[in-house]
Amino acid sequence: MSADDVAERIRSMEIRGAAEIARRAAIALKEEAEAYQGSDLKELRSRVERSRDVLISSRPTAISLWNGVQYVFKGTPDLTSADDYRNMVVKNADHFVKRSRNALKTIGKLGANRIKDGDKVLTHCNSKAAIAVMAEAWAQGKRFEAFCTESRPWRQGVLTANDLAKLGIPVTMIIDSAVRYVMKDMDLVLVGADTIASNGALINKIGTSQVALAADEARVPFMVCAETFKFSPRTIYGEMVKIEERDATEVVKPGEVPPEVKVFNPVFDATPPEYIDAIITEIGVIPPYAAYQVIVKELGYEFMFNED
Ligand code: RI2
């Protein structure tokens, strides 16, 4: 699939999930590099870099996409032949995909330690990382119940309910506005991440911050399941995370309300670090305040000071 196709599918939400969009973008860049069989390095660079820009702009909020794309270009600026450049892009893309899949498995194992028999675990939207934790705990023989929100307007809770049911985990779906009502009965909240800022704030699907507030009020631990490539080097520059807004038609059907009614459809929100008990990453379960160290250590200066 061409990078343009992948970008369009990310934009239309056919490809979704912060980690998945990053993996698909890395693969698209690899295929773009492989598709050019010539020996003109300048031409190859310009093709791959054009694809990079198209992919990055397809989902502005998820830093995983930006980090994944940056990873593919590691070590390429100094290369002097098209063959070396192509090989490096392919190697980096494969490595990124492998590393991100391995990270998911490790997050599953570490996070499973936080689930006990008899627990009620609430999740929001559709996070493969949060599901990996529940899947691993269930595979270890722990018996617990899952609750998942509908996650309007795209209703990704339906995907989550299906994913969990397929694993045999008892699951109850609730509408988003029922979160506070059920929270007193929950033992744990697990959510995914689109971006984690340098101060530990979580950017995730709209409604996540309300779930966190309700968890805080009911003294229910709120944990984030996130690969280290969900942490944002760009926030170290002081850059704010751009919250994507999507079309009104995702909220109301045409003609349902008169044209003078404005519809506001933000896709993500920010949960401050004080509402987050822990972030479960592939390098350990960490406090949100360790976000700065994760960015510097795991993503490195080459990311932080790359002007692209
Ligand atoms: P994983 C999703 O965004 C949700 O916000 C989810 O919590 C987050 O990505 C992380 O998902 P969208 O792309 O990477 O569906 O854990 O808008 O799968």
Side-chain angles (χ1 to χ4, degrees), residues 6-26 55-68 96-97 99-108 110-111 121-136 146 148-164 167 176 179 189-197 201-212 215 222-232 241-247 250-251 265-271 276 279-282:
V6 172
E8 186 44 45
R9 284 173 200 221
I10 292 173
R11 232 174 267 121
S12 67
M13 302 281 289
E14 203 179 310
I15 300 173
R16 60 190 158 201
E20 182 63 12
I21 60 178
R23 284 189 291 265
R24 295 291 289 270
L55 286 161
I56 284 181
S57 65
S58 65
R59 219 68 223 280
T61 303
I63 196 69
S64 48
L65 176 61
W66 189 86
N67 278 334
F96 176 76
V97 171
R99 185 174 150 175
S100 96
R101 292 205 171 115
N102 286 341
L104 204 56
K105 283 190 208 141
T106 308
I107 288 169
L110 301 185
V121 182
L122 178 83
T123 190
H124 182 55
C125 196
N126 182 244
S127 157
K128 288 193 179 60
I131 291 170
V133 169
M134 288 187 260
E136 174 61 25
C148 67
T149 57
E150 181 187 11
S151 309
R152 282 270 298 150
W154 276 83
R155 305 186 74 231
Q156 286 122 313
V158 173
L159 300 173
T160 302
N162 274 289
D163 292 342
L164 294 171
L167 293 165
D176 301 331
V179 163
V189 176
L190 291 175
V191 296
D194 286 83
T195 293
I196 296 170
L202 163 70
I203 316 301
N204 194 48
K205 187 50 50 73
I206 191 75
T208 302
S209 65
Q210 289 176 178
V211 176
F222 179 93
M223 298 197 187
V224 181
C225 311
E227 302 89 333
T228 49
F229 63 87
K230 307 280 183 64
F231 289 71
S232 170
V241 179
K242 185 176 175 355
I243 301 287
E244 182 184 354
E245 286 170 32
R246 294 181 63 92
D247 203 76
E250 293 182 352
V251 179
N265 183 19
V267 185
F268 303 97
D269 65 17
T271 301
I276 301 169
I279 306 177
I280 303 165
T281 75
E282 75 274 21

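All ligand and atom numbering here is 1-based and tracks the order in the structure.
Contact between Gln156 and ligand 1 is present, with at least one heavy atom of the residue lying under 4.0 Å from the ligand.
A 4.5 Å side-chain heavy-atom check between Val241 and Ile63 finds every atom pair outside the cut-off. Residues Trp154 and Leu159 have side chains not in contact (no heavy-atom distance under 4.5 Å, counting atoms from C-beta outward). In this structure the side chain of Asn126 never reaches within 4.5 angstrom of the side chain of Arg16, judged on heavy atoms.
Shown here is Arg11, whose CZ atom has more than 12 heavy atoms of other residues, nucleotides or ligands within 6.0 Å. Residue Gln210 places its CD atom among 12 or fewer non-hydrogen atoms of other residues, nucleotides or ligands, all under 6.0 Å distant.
Near Ala19, with a cut-off below 4.0 Å to any heavy atom, the atoms of ligand 1 are 14 (O). Using a 4.0 Å cut-off to heavy atoms of Lys128, the atoms of ligand 1 that qualify are 1 (P), 16 (O), 18 (O). Those atoms of ligand 1 that come under 4.0 Å of a heavy atom in Asn204, given as number and element, are 4 (C), 5 (O), 6 (C), 7 (O), 8 (C). For ligand 1, the atoms lying closer than 4.0 Å to a non-hydrogen atom of Lys230 are 1 (P), 14 (O), 16 (O). Close approach of ligand 1 to Ser127 (heavy-atom distance below 4.0 Å) involves ligand atoms 1 (P), 7 (O), 11 (O), 16 (O), 18 (O). Within ligand 1, counting atoms from 1 as listed, the ones closer than 4.0 Å to a heavy atom of Cys125 are 4 (C). Every atom of ligand 1 with a heavy atom of Asn126 under 4.0 Å away is listed here by number and element: 6 (C), 11 (O).
Annotation: Lys205 places an N or O atom under 3.5 Å from an N or O atom of ligand 1; distance criterion only. By the 3.5 Å distance cut-off applied to N or O atoms, Glu227 is not counted among the residues near ligand 1. Looking at Arg59 next to ligand 1, an N or O pair under 3.5 Å apart turns up. Checked by distance only, ligand 1 and Ala129 come closer than 3.5 Å through their nitrogen or oxygen atoms. Taking distance alone, with nitrogen or oxygen atoms compared against 3.5 Å, Ala193 stays at or beyond that limit from ligand 1.
When the options Ala130, Ala22, Ala18 are ranked by their closest heavy atom to atom 11 (O) of ligand 1, first place goes to Ala18.
Test Thr160, Thr149, Asp176 against His124 for side chain to side chain donor-acceptor pair (under 3.5 Å) and you get one pass: Thr149.
Scanning all protein heavy atoms for the shortest distance to atom 8 (C) of ligand 1 gives Asp194 OD1, 3.3 Å. For atom 13 (O) of ligand 1, the nearest protein heavy atom (residue, atom name, distance) is Gly17 N, 2.8 Å.
Residues Val189 and Ala215 approach most closely at CG2-CB, 4.1 Å, considering heavy atoms. Closest heavy-atom contact between Gly192 and Ala130: N-CB, 4.5 Å. In terms of heavy-atom proximity, Phe222 sits nearest to Val191 at CZ-CG2, 3.6 Å.
For Thr61 and Asp194, the side-chain atoms include no donor-acceptor pair closer than 3.5 Å.
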